[in-house]
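When a residue number appears, it is its place in the shown sequence, counting from 1.
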Amino acid sequence: IEIERRKRAEDAYKAALTELKKKPHYGGPDYEEGPNSLINEEEFFDAVEAALDKHDQIEEQSQAERSRASRQISLTPDTCSSISTQKYLTKPHSQTSFLSSVDLISASDDVHRFSAQVEEMVQSHMNYSLQDVGGDANWQLVVEEGDMKVYRREVEENGIVLDPLKATHAVRGVTGHEVCHYFWGTAFRNDWETTVESFQVVETLSDKAVIIHQTHKRVWPASQRDVLYVSVIRKILSTNENDPDTWLVCNFSVDHDGYPPSARCIRAKINVAMICQTLISPPEGDKEITRDNILCKITYVANVNPGGWAPASVLRAVAKREYPKFLKRFTSYVQEKTSCEAILF
């Protein structure tokens with residue numbers, strides 16, 4: 001069925017291309033995303049879907065090659081599991097190879113020109129983003145796979161889709177600190193992020209806040225998008241001893257004189273948060289805590305204004321397809337990266 005579906009999509013893509021080649025300005029602005037686009041919604045949808053399928057295919061191949069290569073040089077699974085049970089940490093250890101895991105708790109030492117905005121964003125995510133939307137009629141459950149649920153609230157303003165998206169997930173064997181460490185750390189970005197063409201750290205505001213400019217791969221006939229945002233990582237201590245501490249990464253759009261919007265890309269606006277809490281089921285007796293005893297509860301929220309003129313149905317279909325895929329790919333990546341490492345609480 002999958003092969004048939006892909007073939008149909010590819011045929012539709014080829015047919016749409018052939019059709020467009022007959023038209024006088026093939027490749028001109030009228031046959032791409034834009035206010036006067038002559039592509040109808042269905043053609044736009046089919047072309048985007050075919051492009052994403054092709055992108056997935058390439059990604060799967062390179063993933064397979066990477067894992068083949070790493071299997072050849074990796075330890076045997078037994079060595080790995082015996083190492084992981086011996087190497088454990090019950091407290092954050094400031095000497096770890098992890099991004100100076102000095103307790104990133106207090107915001108008082110994290111002062112820069114966006115500090116006030118960061119505080120406001122963090123507070124807002126802590127107050128509202130963690131609320132359960134399961135029974136809320138405004139939120140639709142659009143995807144449910146195992147422990148992962150993805151909800152969306154349909155919002156349009158001036159014809160632009162601004163649907164807030166919220167996903168919850170539970171991932172075994174990793175901590176919230178680890179998930180946030182890999183989500184925030186730019187050194188790992190290209191390992192798991194498959195939609196980005198290029199990114200750079202524009203400015204380091206502090207050791208836990210940076211400004212990033214990121215250009216996403218183009219998905220024809222949609223225009224290319226870029227984003228410019230502050231990215232912060234933060235640990236928030238629980239006020240109640242029965243609740244776990246929270247680790248979060250918050251990414252939100254800002255302006256920067258050095259990176260004004262260009263004519264080549266549509267500048268999208270984002271407000272995204274990855275919010276994590278670690279649950280520990282104590283091992284029997286006085287055994288050490290291993291990765292079998294930990295579970296990370298993740299809440300991921302994304303508010304994106306894509307700008308531009310892509311049809312609403314296309315944007316919603318892409319979101320429904322891409323967000324769950326990203327969450328699964330990213331969390332599996334963290335599990336893989338940490339399986340033989342000391343636990344970072």
Q. Could Glu178 and Arg291 be called an ion pair, given the rule that one side-chain N must be under 4.0 Å from one carboxylate O?
A. yes
Q. Is there a donor in the side chain of Ser238 and an acceptor in the side chain of Asp245, or the other way round, less than 3.5 Å apart?
A. no
**Q.** Heavy-atom closest contact (Thr175 atom, Leu344 atom, distance)
**A.** OG1-O, 2.5 Å
Q | Heavy-atom closest pair, residues Asn303 and Pro164 | A | OD1-CB, 3.3 Å
Q.
What I'd like to find out is whether the side chain of Trp247 reaches to under 4.5 Å of the side chain of Gln277, using heavy atoms alone.
A. no
Q. Mind checking whether Val230 and Val210 have side chains closer than 4.5 Å, heavy atoms only?
A. no
(Q) Any donor-acceptor pair under 3.5 Å linking the side-chain atoms of His125 with those of Asn271? (A) yes
Q: Might you point out which heavy atoms bring Val249 and Ser231 nearest each other, and give the distance in Å?
A: CG1-OG, 4.1 Å
(Q) Using a strict threshold of under 4.0 Å (side-chain N to carboxylate O), is an ion pair present between Asp56 and Lys325? (A) yes
Q | Flag, side chain of Lys166 to backbone of Gln131, donor-acceptor distance under 3.5 Å | A | yes
**Q.** Stepwise salt bridge (charged side-chain N to carboxylate O under 4.0 Å, His left out) check, Glu203 with Arg113
**A.** CA-CA 12 Å; Glu203 192 181 330; Arg113 69 182 186 283; 2.6 Å; yes
**Q.** Pairwise distance OG1(Thr331) to CZ(Phe183) - rounded to 0.5 angstrom
**A.** 12.0 Å
Q. Considering only heavy atoms from C-beta outward, does the side chain of Glu341 approach that of Ser339 to under 4.5 Å?
A. no
Q | N/O donor-acceptor pair under 3.5 Å between Thr338 side chain and Val174 backbone | A | no
Q. Ring centroid separation for Tyr182 and Phe188, is it under 6.0 angstrom?
A. yes
Q) Is any side-chain N of the basic residue among Asp53 and Arg321 closer than 4.0 Å to the acidic one's carboxylate O? A) yes
Q | Heavy-atom side-chain contact between Ser281 and Leu295 under 4.5 Å | A | no
Q.
Within the structure provided, determine whether Ile212 and Gln200 are in side-chain contact (heavy-atom separation under 4.5 Å).
A. no
Q) Hey, does the side chain of Ser129 reach the backbone of Met126 with a donor-acceptor pair shorter than 3.5 angstrom? A) no
Q: Answer yes or no: is there a side-chain heavy-atom contact under 4.5 Å between Pro306 and Ile266?
A: no
**Q.** Value rounded to 0.5 Å, distance of CD in Glu119 from CZ in Phe114
**A.** 14.5 Å
Q) Does the side chain of Phe345 come within less than 4.5 Å of Ile280's, by heavy atoms? A) yes
Q: Answer with yes or no whether the side chains of Ser223 and Arg218 bring together a donor and an acceptor at under 3.5 Å.
A: no
Q. Minimum heavy-atom separation for His55 to Thr194, with atom names?
A. NE2-O, 3.0 Å
N/O donor to acceptor pairs below 3.5 angstrom from side-chain atoms of residues 146-162, sequence neighbours left out:
| from | atom 1 | to | atom 2 | distance (Å) |
| --- | --- | --- | --- | --- |
| Arg152 | NH1 | Arg316 | O | 3.3 |
| Glu156 | OE2 | Arg316 | NH1 | 3.3 |

Q) Does a side-chain N-to-carboxylate-O contact under 4.0 Å join Lys54 and Glu49? A) no
**Q.** Lys/Arg-Asp/Glu bridge criterion (N-O < 4.0 Å) met for Glu145, Lys328
**A.** yes
**Q.** Nearest heavy-atom neighbours spanning Pro260 and Arg267
**A.** O-NH2, 3.4 Å
Q. Which residue, Lys217, Arg264, His216, forms the side-chain hydrogen bond (donor to acceptor under 3.5 Å, both in side chains) with Gln224?
A. Arg264
**Q.** Side chain to side chain, Cys250 and Val118, heavy atoms closer than 4.5 Å
**A.** no
Q: Sequence neighbours left out, what pairs pass ring-ring contact (aromatic ring centres under 6.0 Å, His included) with at least one residue falling in residues 254-305?
A: His213-Tyr259, Tyr300-Phe326
Q: Check the hydrophobic clustering (I, L, V, M, F, W, Y; side-chain heavy atoms under 4.5 Å; chains of links allowed) and say if Val143 and Val304 are grouped together.
A: yes
Q.
Quick check: closest heavy atoms across Asn293 and Glu288, and the distance to 0.1 Å?
A. OD1-O, 4.0 Å
